[in-house]
Amino acid sequence: MTPRPRKTDLISIGEMARRTGLSVSAIRFYEEKGLVEPIRTGGNQRRFFRSDIRRLSFILIAQQLGLALADIEQEIGRLPQGRTPNARDWQKISRSIRGQLDNKIAQLTKTRDRLDGCIGCGCLSLAKCQLYNKDDHLAQRGPGPRQVLG
């Protein structure tokens, strides 16, 4: 059973918005996704744990790093509810997403290194192009780019 929070442990949605830089509607969106869980007062007002400031800040940083919301939801789900996450909690998440970030960095580096040759080539020829996709086998995965050539 989670102990009843002290009044000083809780902040309003307006204060949460001020402290995180998020709009109230964005905080409500993350609430709907289950990424933060406010407590309701007797007057049905939302009150958030002060530790939710870090949760929302993590979400913003993870989005800036290019993580999908589904991945962020999975990682946030590893954090404890009702207490401030400690260094060990955050280290587990850091280890978990490090591999994803390393893969993205490698992919971006490869793309950067090939970008001038591809855009500058101007060949517009599938017969010569380095990005040529023989028999269009990647089309089965849907529209848009599917891989960075290595």
Side-chain angles (χ1 to χ4, degrees), residues 2-41 44-122 124 129-133 136-150:
T2 305
R4 183 181 167 110
R6 295 182 312 226
K7 198 172 189 175
T8 57
D9 293 336
L10 302 173
I11 60 175
S12 69
I13 194 168
E15 178 67 6
M16 179 67 79
R18 189 184 71 71
R19 297 281 304 271
T20 61
L22 288 166
S23 66
V24 169
S25 62
I27 295 170
R28 287 184 184 135
F29 170 78
Y30 293 129
E31 176 188 350
E32 287 173 16
K33 292 289 188 183
L35 299 175
V36 289
E37 295 181 26
I39 293 173
R40 295 291 184 152
T41 66
N44 204 29
Q45 295 177 325
R46 290 172 174 87
R47 292 294 184 258
F48 292 88
F49 286 102
R50 290 185 180 283
S51 61
D52 287 335
I53 294 169
R54 288 194 180 191
R55 287 175 188 268
L56 290 173
S57 296
F58 168 75
I59 293 166
L60 293 173
I61 291 167
Q63 286 177 321
Q64 289 174 4
L65 293 173
L67 269 66
L69 192 56
D71 294 330
I72 295 169
E73 287 179 60
Q74 183 178 350
E75 296 303 331
I76 284 286
R78 297 172 191 230
L79 292 175
Q81 286 293 336
R83 74 162 170 84
T84 302
N86 60 32
R88 184 179 297 150
D89 297 323
W90 290 113
Q91 286 172 351
K92 286 178 188 175
I93 288 178
S94 177
R95 281 192 302 273
S96 176
I97 65 174
R98 185 175 298 274
Q100 293 177 51
L101 293 177
D102 288 343
N103 288 338
K104 284 183 185 221
I105 289 168
Q107 190 174 39
L108 287 169
T109 300
K110 193 182 300 183
T111 301
R112 181 202 60 209
D113 293 347
R114 294 183 177 265
L115 190 60
D116 290 340
C118 179
I119 291 175
C121 170
L124 302 177
C129 183
Q130 290 183 30
L131 299 179
Y132 182 61
N133 179 16
D136 201 19
H137 68 278
L138 293 176
Q140 296 170 9
R141 295 188 192 169
R146 295 288 161 218
Q147 70 181 15
V148 175
L149 297 178

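Below, each value reflects all heavy atoms present in this structure, side chains not excepted, and no hydrogens, waters or symmetry copies.
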Spacing of [X] atom [atom1] and [Y] atom [atom2] [to the nearest 0.5 Å]:
X	Y	atom1	atom2	answer
Ser57	Arg19	OG	CZ	9.0 Å
Ile53	Ile11	CD1	CD1	4.0 Å
Ile72	Tyr30	CD1	OH	7.0 Å
Ile13	Leu22	CD1	CG	10.0 Å
Leu79	Ile93	CG	CD1	3.5 Å
Lys33	Leu69	NZ	CG	6.0 Å

Q: Go through the steps to decide whether Ser96 and Glu75 satisfy the test side chain to side chain donor-acceptor pair (under 3.5 Å), and finish with yes or no.
A: CA-CA 8 Å; Ser96 176; Glu75 296 303 331; 2.6 Å; yes

Do you know which two heavy atoms are closest between [X] and [Y], and how far apart they sit?
X	Y	value
Ile39	Leu10	CD1-CD2, 4.0 Å
Leu67	Lys104	N-NZ, 4.1 Å
Ser23	Ala17	C-CB, 4.4 Å
Arg88	Asn86	N-OD1, 3.0 Å

Q: Taking atom types as modelled, find out whether Arg47 and Gln45 have a side-chain donor-acceptor pair closer than 3.5 angstrom.
A: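 Present: a donor and an acceptor within the cut-off.
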
Q) Quick check: are there more than 12 heavy atoms from other residues, nucleotides or ligands sitting under 6.0 Å from CZ of Arg28? A) yes

Q.
If you count every heavy atom of other residues, nucleotides or ligands that lies below 6.0 Å from Arg40 atom CZ, does the total exceed 12?
A. yes

Q | Pairs touching residues 90-114 that satisfy ring pair (Phe, Tyr, Trp, His ring centres under 6.0 Å), sequence neighbours left out | A |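 Output for this query lists Phe58-Trp90.
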
Q) Going through the checks in order, is the side-chain contact (heavy atoms from CB on, under 4.5 Å) test met by Arg50 and Asp9? A) CA-CA 6 Å; Arg50 290 185 180 283; Asp9 293 336; 5.6 Å; no

**Q.** Close side-chain approach of Ile76 and Arg55, heavy atoms under 4.5 Å
**A.** yes

Q) Salt bridge check: are Arg46 and Glu31 linked by an N-O gap of less than 4.0 Å? A) yes

